[in-house]
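What follows is one structure encoded as structure tokens, with my remarks underneath.
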Amino acid sequence: MTDVAVLGSTGYTALELLKILARHPGVRVTALTTRQTDRPHIASIHPSLTGLFDLCAEDLSPAEVAARAEVVFCCLPHGTSMAAVPELLAAGARVVDLSADYRLDDPAVYAEWYGLEHTDAARMTETVYGLPELSGLPEKIADAKLVANPGCYTSTSILGLAPLLEAGLIEPGGIVVDAKSGTSGAGRSPKLGTLYCEVNESFSAYAVGTHRHQPEIDEVLSKATGRDVSVLFTPHLVPMDRGILCTMYANPTGDVTVEGLIETAQTYYKGKHFVRVVEHLPATKHVAHTNYCDVTYRVAGGKVIALSATDNLLKGASGVAVQNLNLMLGADEAVGLL
């Protein structure tokens, strides 16, 4: 039995993570943190966890957390994890970081897109990116002390594009990623743009040309496929709780067929638990409350169209975090997720 902790236990990703950990046969949750000083019981923060954990969320230092847990999930805001992670690692804990602080290799790129100076920049290139479906990553994740959990839009986009890029079936430049997400992707803290009256019966783009997941998509796909990948990424907010649908347009490098594209992806993802290469058009309802990513392809107007759907809180965050945990523990990556 492995003792685990969750830093930042009040948000949506922490809630979904704790739901999974409650049924995971190989772990015991021993510490939860919050910036609140009154030690609220976790059931008062997340009533759906009533009866699952008898734990209070505490204002603990990283060293105090590491004294209670072998593996720590950081569900902290961007810019906050980089202060906690070095202390956790120094105290001997292994870490799965759900923030963006260690997803990029270059501190200058991080500063440009996040507006923050990285205080642990030397560790950025040493961190393992935690998307187990990409070639070569499961073995690295298994040995890692620090895993950078992927972003939700990035996982959904990358899983649709990676097989075709690696096979050389589409051009690495000029890729358009048209993405839609439910409002939980913006987190639990109240914001004007995600209030009910602002979102209900409305559909809008946001962060056009400036969304922080764009450099992550470019970097991860470039490293994974050995090609200089460049995408134009535009996110949209949909009035639903959860889910992501990405529709991606790319130029083929030669003659392609739908059957051939699907077969290529099926070969790439053979033996992978959580990517389903399907013939029908994916929908967010097909993957809601699961750790699956559904992927398919079409050819139209001289373009290859890749479509993928995930639950942004699970395959886009907490579900893949548990996949990473399982690999780090030497377990089957599907434990607790099926």
Side-chain angles (χ1 to χ4, degrees), residues 77-79 82 98-118 121 124 129 131 148-162 164-165 170-187 189 191-195 198-199 202-225 227-240 242-252 282 284 293 295 300-310 312-313 316-317:
H78 310 314
M82 70 174 91
L98 280 77
S99 84
D101 284 358
Y102 293 91
R103 293 175 189 162
L104 299 170
D105 285 352
D106 189 340
V109 175
Y110 180 87
E112 177 185 353
W113 288 86
Y114 287 87
L116 298 168
E117 180 182 353
H118 206 291
M124 295 175 74
Y129 192 77
L131 191 55
N149 219 58
C152 52
Y153 278 127
T154 52
S155 293
T156 314
S157 305
I158 289 165
L159 292 174
L161 293 169
L164 308 190
L165 284 164
I170 57 175
E171 297 288 349
I175 299 171
V176 174
V177 179
D178 182 9
K180 283 89 174 174
S181 174
T183 58
S184 59
S189 299
K191 306 175 185 70
L192 176 62
T194 55
L195 294 176
E198 301 294 328
V199 174
S202 183
F203 176 41
S204 60
Y206 65 99
V208 177
T210 63
H211 196 281
R212 296 162 171 178
H213 283 175
Q214 179 161 321
E216 185 181 340
I217 297 169
D218 289 349
E219 180 178 295
V220 174
L221 280 173
S222 297
K223 291 170 67 175
T225 65
R227 312 182 77 191
D228 188 11
V229 178
S230 174
V231 306
L232 177 61
F233 172 73
T234 303
H236 299 76
L237 185 63
V238 180
M240 62 183 184
R242 58 203 299 159
I244 286 178
L245 178 68
C246 289
T247 305
M248 296 162 282
Y249 305 89
N251 296 313
T284 56
C293 176
V295 174
K303 302 285 186 181
V304 169
I305 306 170
L307 303 105
S308 56
T310 64
N312 59 294
L313 295 175

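Small disclaimer: the values here were computed from a predicted structure and weren't measured. Along the sequence shown, residues are numbered consecutively beginning with 1.
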Is the closest side-chain heavy-atom distance between [X] and [Y] below 4.5 Å?
{"X": "Ser99", "Y": "Met82", "value": "no"}
{"X": "Ser308", "Y": "Leu159", "value": "no"}
{"X": "Leu161", "Y": "Ile170", "value": "yes"}

Do you know the tightest heavy-atom contact between [X] and [Y]?
{"X": "Thr225", "Y": "Ala162", "value": "CG2-O, 4.0 Å"}
{"X": "Gly79", "Y": "Leu116", "value": "CA-CD1, 3.7 Å"}
{"X": "Asp218", "Y": "Val231", "value": "OD1-N, 2.9 Å"}
{"X": "Asp105", "Y": "Pro107", "value": "O-CD, 3.6 Å"}
{"X": "Cys152", "Y": "Thr156", "value": "O-OG1, 2.8 Å"}
{"X": "Val109", "Y": "Pro215", "value": "CG1-CB, 4.0 Å"}

Item to check | Plane angle bin for Phe233 and Tyr153 - parallel if under 30°, tilted between 30 and 60°, otherwise perpendicular | outcome: perpendicular

Checklist entry - Where does the angle between the aromatic ring planes of Tyr110 and Tyr114 fall among parallel (under 30°), tilted (30 to 60°) and perpendicular (over 60°)? => result parallel

Can a donor-acceptor pair be found, under 3.5 Å and without considering hydrogens, that links the side chain of [X] to the backbone of [Y]?
{"X": "Arg103", "Y": "Asn149", "result": "yes"}
{"X": "Asn312", "Y": "Arg242", "result": "no"}
{"X": "Asp228", "Y": "Ser222", "result": "no"}
{"X": "Ser155", "Y": "Gly316", "result": "no"}
{"X": "His78", "Y": "Ala100", "result": "yes"}
{"X": "Glu216", "Y": "Gly151", "result": "yes"}
{"X": "Gln214", "Y": "Gly209", "result": "no"}

Would you compute the distance between atom [atom1] of [X] and atom [atom2] of [Y] and round it to the nearest 0.5 angstrom?
{"X": "Thr154", "Y": "Arg212", "atom1": "OG1", "atom2": "CZ", "value": "14.0 Å"}
{"X": "Met240", "Y": "Leu245", "atom1": "CE", "atom2": "CG", "value": "7.5 Å"}
{"X": "Thr183", "Y": "Glu198", "atom1": "OG1", "atom2": "CD", "value": "12.5 Å"}
{"X": "Asp101", "Y": "His118", "atom1": "CG", "atom2": "NE2", "value": "5.0 Å"}
{"X": "Leu165", "Y": "Ile175", "atom1": "CG", "atom2": "CD1", "value": "4.5 Å"}

Next on the checklist: Among Pro282, Cys293, Ser157, exactly one meets side chain to side chain contact (heavy atoms under 4.5 Å, CB included) together with Cys246. Which residue is that?
Outcome noted: Ser157

Checklist entry - Considering residues at least two apart in sequence or located in another chain, which fulfil the ring pair (Phe, Tyr, Trp, His ring centres under 6.0 Å) criterion with Tyr249? => result none

Checklist entry - Is the count of non-hydrogen atoms from other residues, nucleotides or ligands lying under 6.0 Å from Glu117 atom CD greater than 12? => result no

Checklist outcome for this item: Contacts of Asp178 meeting side chain to side chain donor-acceptor pair (under 3.5 Å) (sequence neighbours excluded), chain-then-number -> Lys180, His236

Item to check | Intermediate values then yes/no, side-chain contact (heavy atoms from CB on, under 4.5 Å), Leu307 and Met248 | outcome: CA-CA 6 Å; Leu307 303 105; Met248 296 162 282; over 6 Å; no

